[in-house]
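Chain letters run A, B, ... following the sequence lines, proteins first and then strands; every chain starts at 1.
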Amino acid sequence: MAEKPHLFLIDGSSYIFRAYHALPPLTRKGDGLPVGAVSGFCNMLWKLLQEKENGLAGVDPSHIAVIFDAKGHTFRNEIFDQYKAHRPPAPEDLRPQFGLIRDAVRAFNIESIELEGYEADDIIATYSEMALDAGADVTIIGSDKDLMQLVRPGVVMVDTMKNKRIEEAEVIEKFGVAPDKVVEVQALAGDSVDNIPGVPGIGIKTAALLINEFGDLESLLAGAETIKQKKRRENLIEFADQARVSKELVYLKRDVPLALGIDALFRNELDGPKLIAFLKAMKFTSMTRRIAEATDTVADAIEPCDLDIVGWEPPQKVAAVEGDSIEGADSAQGAQGPVQLADKIAADIAKLPIDNSSYQTVRTMEELTHWLNEAKRVGYVSVDTETDSLDAMQANLVGVSLATEPGKACYIPLAHVTGEGDMFGGGLAEGQIPITEAVTALKAMLEDPSILKIGQNLKYDTLLLSRYDIDLAPLDDTLLLSYVLDAGKHGHGMDELSELWLDHKPIPFKEIAGTGKKQITFDKVEIDKATAYAAEDADVTLRLWMVLKPRLAADHMVTVYERLERPLLPVLRRMEARGITVDRQILSGLSGTFAQGMARLEEEIHALAEQSFNIGSPKQLGDILFGQQGLPGGKKTKTGAWSTSASVLEDLAAEGHELPARVVEWRQLSKLKSTYTDALPGFINPQTKRVHTSYSLAATTTGRLSSSDPNLQNIPIRTEAGRKIRTAFVATPGNKLISADYSQIELRVLAHMADIGQLKKAFDEGLDIHAMTASEMFNVPIEEMDSATRRRAKAINFGIIYGISAFGLANQLGISRTEAKDYIDMYFTRFPGIRTYMEDTKTAAREQGYVETIFGRKIHYPEINSKNPNMKAFQERAAINAPIQGSAADIIRRAMVRMEGALVEAGSSARMLLQVHDELIFEVAEAEVDNTIKVVRDTMESAPMPALQLSVPLKVDAAAADNWDEAH
DNA sequence: CCTGCCCCATA
DNA sequence: GTATGGGGCAGGA
């Protein structure tokens, strides 16, 4: 029985441009003919013809064609003369490739279709119709959004470059409407790339909203008078015809007069020799080899075919002119001859501190051995790894650079590829040491205890190298050195430090790899360029180390660096490598629930507003609330717009307004969905099936860590809906999660530092600290404390930690500023030590320019004597907060540094997974839970000792459960 | 596609 | 009132 016929329609033209822009420029060996797009195209075709069940398309086509745009104007230019008028001409090095790609299609024995006056999209639309009529299914290979209007049962799009199938759901995601309404939305939103005008002020979001409400463009234009938003109504009326023209432009013709019927697109057998002849002519050596093998063709026996290359000339060989010697040129130019010129340039370069053309590219084991011996001889070496990703858990090692003296640096390329065949990972570039051999040799040096390894942000490099079974040690990190020495003064990135200390601007990464979607990964960077860039990094890092390391002792920061910074690095590296299991099903279930809630609220909100609008746009929301509905606006944002922040909306809701109340609920769900339930699954590592955050040791000024990609330090907990997200963070079967958190650590630290008797006594006795504060302030016995009074005291306690101001406290408690001032005065009367502490801290900051934590970490405030009173006040509050927040951060750092050893010593196999400022999360076998909790609590509570005995006890709450929500 | 802005999640 | 990271929107490239 014959299978259902299936037609592949390949959008050739758009593929050419995308291949050209996405792939690094590649030229034919020998004459430099640009062929990058051709190579990408051939790879795509070949891959497409190979894939069956496993491929994205999922089927073997019975019919196939590649469709191109014809040259010249199309019928759309008759409708609108400015259509695609902003298109720049094709780049010089792309032009000759148009013809070659058509040749390639023929070499693959596939019909290449184009027709003057029509675009490829119209032909694809017409063939799609014809195929459906004939009872066939259609797969469109392409990604152009204009083609999305064609999707329907029996027609799917497949984007081979992004590895993505586009069906109805994906179209709705993109346009907010089903495929049959796509043109209506495009007619309104327009398209700046194709110069389709649309209606001003309407983007895809708003267009989808309107079309979903009115059904189609004509109904909308007919009902435009009823639109509430003034500007939008006027624009819809004024630009109605423009919208109609736009719709005509985007609507794809389905009746293009085509010479070939569907039957003619029957998929021919591949003609091995014909294809090989073409590939040989292009000098695609690795593809030739691969395809010859697959098609059972003997490539050696086949001659390259002739190519008709249009729009490109081979470069003229410049014949050497006899007698035109250097001396001749010299005398002709007189005193400014090449010799003098060279002398001068040499002198200039010698004066320059850094010459990134002098670095060696290490290509043999002999050369590598020489560098490893140098490292051994010197006793230290700066190291930098180059990879193909910012995610150290997924990156592949591409090369390593080393430096042993200023100016003496090298780059060892290991996995650079040539441009050709990049869709398969490409051919390895010539002249690289086999990676396993090099890694083995490097491992011995990187693990050698007698050689100090110096790097910038070594957490990244060591995490990467740990995946190659290398445990880099001992180490020094210039990022951490700078952080310890200069937190608060400036950033600590290598480029910034280089300009500051070395007066040298390193080659920017984007200069060698490009930017945006044209950016290439480091393995595709030419080795010479890579050497200049990578070796320079090692050179710069070494010099920075030489500048910064001696400052440690001079500034008395050795202990902080050696106890709180450097040892934490491998601890965090292991935490990141372990990751945590996140249950995809739970999150996707929650996404669904949240989406339903949002849809329900959206309806209510639109009804209350008596119009549709984008609730997610603060601008539109503000217009409705404070413009049309005439509600009293409270705060303004710094750009002068009405604030629609939660506090403003909640105030309005408290006055009985429904609309803002619903918006607050909608916002909550929207936040939970987009930031957490939708985003987190994308961070599940495909190999480990776990989520691996990245901790930054040097991102905050106070000494706290920060977490990103994803941020696991801001997972919701306050609301019930939010807490559910925590249930998705689970222990693996047979294990439990343990959460252990410091209770009130910052207030305890404050009690210790400011030496406040009542606070210390309260903590000693285990009292409710906020109730105690309230009792002192308002003369109410603790036992009779009501929750409102306690809440006020709690806000004040937090306020103190944040460097309190009457303004801030008033805001927090919703009271007048004078009332807040009275509270603060009362607080200071009862706790005079706090006022003294705060004044002393400000004085210290003003006089020395920095404040210190209890473990000696310095936080600089260079702007604290600013003339700007706002700036000054801000710096003062920050300076008051920093020792408190920073000391607490130091304490948990100490706990973390010791934790792994303490667990092992106690016979626990628990793994520390996460840190959330005052909380540590562990995963442990069920049987070990009790013992582990004991060790964890003890280690955390005794963390300041023996360096320091706090005058208040530390208290840690800990619990175990199957997920994070229940454990916390 | 990038950037600034607004808003909001955590401690 | 402190310290962060990040998503969506809107406007200009």
Figure out the CD1/P separation between A:Ile715 and B:dT10, and round it to whole Å. 9 Å

Please list residues of residues 819-830 of chain A whose heavy atoms come under 4.0 Å from any atom in DNA chain B, ordered by number; otherwise none. none

Return all side-chain donor-acceptor pairs below 3.5 angstrom for residues 813-820 of chain A, not counting sequence neighbours, or 'none' if the list is empty.
unit_1   : atom_1 : unit_2   : atom_2 : d
A:Ser816 : OG     : A:Thr818 : OG1    : 3.1
A:Ser816 : OG     : A:Glu819 : N      : 3.1

Would you list the pairs meeting salt bridge (charged side-chain N to carboxylate O under 4.0 Å, His left out) in which at least one residue belongs to residues 192-205 of chain A, sequence neighbours left out? A:Arg87-A:Asp194

Does a side-chain N or O from A:Ser706 land closer than 4.0 Å to OP1 or OP2 of C:dG5, or not? yes

A:Lys636: side-chain hydrogen bond (donor to acceptor under 3.5 Å, both in side chains) partners, not counting sequence neighbours: none

Which of parallel (below 30°), tilted (30 to 60°) and perpendicular (above 60°) describes A:Trp964 and A:Phe729? perpendicular

Verify, without hydrogens or angle tests, whether A:Arg748 (side chain) and A:Leu954 (backbone) share a donor-acceptor contact under 3.5 angstrom. no

Just N and O in the side chain of A:Thr644: are any of them under 4.0 Å from OP1 or OP2 of B:dC7? yes

Within this structure, what is the CZ-to-P distance between A:Arg704 and C:dA3, rounded to whole angstrom? 10 Å

B/S/- along nucleotides 6-12 of chain C (protein heavy atoms under 4.0 Å) is BSSSSS-

Any A:Thr700 side-chain nitrogen or oxygen under 4.0 Å from OP1 or OP2 of C:dT4: no

Return the set of residues passing side chain to side chain contact (heavy atoms under 4.5 Å, CB included) with A:Asp651 (not counting sequence neighbours), or none when no residue passes. none

Taking A:Tyr827 for its side chain and A:Thr773 for its backbone only, find out whether a donor-acceptor pair lies under 3.5 Å. no

Going through the distances and angles, do A:Asn797 and A:His770 end up as a side-chain hydrogen bond (donor to acceptor under 3.5 Å, both in side chains)? CA-CA 7 Å; A:Asn797 276 333; A:His770 301 312; 3.1 Å; yes

